[in-house]
Amino acid sequence: MVERVVAAFGRLDCAHKQRRDHRVVGPHRDYAVSEWDKVLAVNLTGVFLCLRAELPVLVAGGGGAVVNTASFSGLVAVPRIPAYVASKHGVVD
């Protein structure tokens, strides 16, 4: 995606990421590891991979702005969505 932006516009000036996925709602003990992995892959690893692609292009272009939107759940514990809360805390940190 970053390569397409640079090809079309010649540079990358900013990037914004916001994604919400909390597939399973319920107590921690009921979470399957596979569901935990899916939520973290979308909400946390996705942000990491985008940044990895964006930052070198932004730096090479002299700078820019990156906004990674988390949610209120990235600041406090919210019951019944532990993978979502963990992933959003990771984005905030």
Side-chain angles (χ1 to χ4, degrees):
M1 179 175 20
V2 172
E3 291 172 352
R4 287 190 307 211
V5 168
V6 173
F9 301 104
R11 59 183 289 139
L12 178 68
D13 295 313
C14 63
H16 176 246
K17 290 164 288 309
Q18 178 173 336
R19 180 68 173 111
R20 177 187 153 270
D21 187 351
H22 61 66
R23 301 171 185 266
V24 176
V25 176
H28 187 93
R29 68 179 178 272
D30 295 339
Y31 261 74
V33 172
S34 61
E35 289 301 318
W36 174 273
D37 288 344
K38 288 176 189 175
V39 172
L40 267 67
V42 169
N43 293 344
L44 188 56
T45 305
V47 170
F48 168 75
L49 293 174
C50 287
L51 283 168
R52 227 170 73 165
E54 297 158 355
L55 291 175
V57 175
L58 288 168
V59 169
V66 174
V67 177
N68 299 317
T69 304
S71 74
F72 181 72
S73 298
L75 302 174
V76 299
V78 178
R80 304 180 55 79
I81 51 172
Y84 180 79
V85 170
S87 68
K88 294 305 178 175
H89 271 77
V91 170
V92 169
D93 191 32

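Hydrophobic clustering places I81 together with V76 (ILVMFWY residues linked when any side-chain heavy atoms are closer than 4.5 Å, directly or through intermediates). F72 and Y84 fall within a single hydrophobic cluster, where Ile, Leu, Val, Met, Phe, Trp and Tyr are joined by side-chain heavy atoms under 4.5 Å apart, directly or via other members. Note on V47 and V67: separate hydrophobic clusters, where clusters join Ile, Leu, Val, Met, Phe, Trp and Tyr whose side-chain heavy atoms are under 4.5 Å apart, directly or indirectly. Following chains of ILVMFWY side-chain contacts shorter than 4.5 Å, one cannot reach V42 starting from F48, and the two form parts of different hydrophobic clusters. In the hydrophobic cluster analysis, where Ile, Leu, Val, Met, Phe, Trp and Tyr join through side-chain heavy atoms closer than 4.5 angstrom, V57 is grouped apart from L49.
Residue pairs meeting the salt bridge (charged side-chain N to carboxylate O under 4.0 Å, His left out) criterion with at least one member in residues 39-58, sequence neighbours excluded: K17-E54. Residue pairs that meet the salt bridge (charged side-chain N to carboxylate O under 4.0 Å, His left out) test with at least one member in residues 79-93, sequence neighbours left out, do not exist here.
W36 approaches A86 most closely through the heavy-atom pair CH2-CB, 3.7 Å. Residue A77 comes nearest to V85 through the heavy atom pair CA-CG1, 4.2 Å, listed as atom of the first residue, atom of the second, then distance. Summarising the geometry of G90 relative to L44, their closest heavy-atom pair is C-CD1, 3.6 Å, with the distance given to 0.1 Å. Heavy-atom minimum distance, V39 versus S87: CG1-OG, 4.3 Å. Shown here for V78 and S73, the closest heavy-atom pair between the two residues is CG2-OG, 3.4 Å. Residues Y31 and G26 approach most closely at CE1-O, 3.6 Å, considering heavy atoms.
A 4.5 Å side-chain heavy-atom check between V66 and L55 finds at least one atom pair inside the cut-off. When side chains are defined from C-beta on, N68 counts as touching L51, because their heavy atoms get closer than 4.5 Å. Looking at heavy atoms from C-beta onward, V2 lies in side-chain contact with L12 at the 4.5 angstrom threshold.
The CZ atom of R11 lies 9.0 Å from the CG atom of L58; values are rounded to the nearest 0.5 Å. Here the straight-line distance linking atom CG of N43 with atom CD of Q18 works out to 10.5 Å at 0.5 Å rounding.
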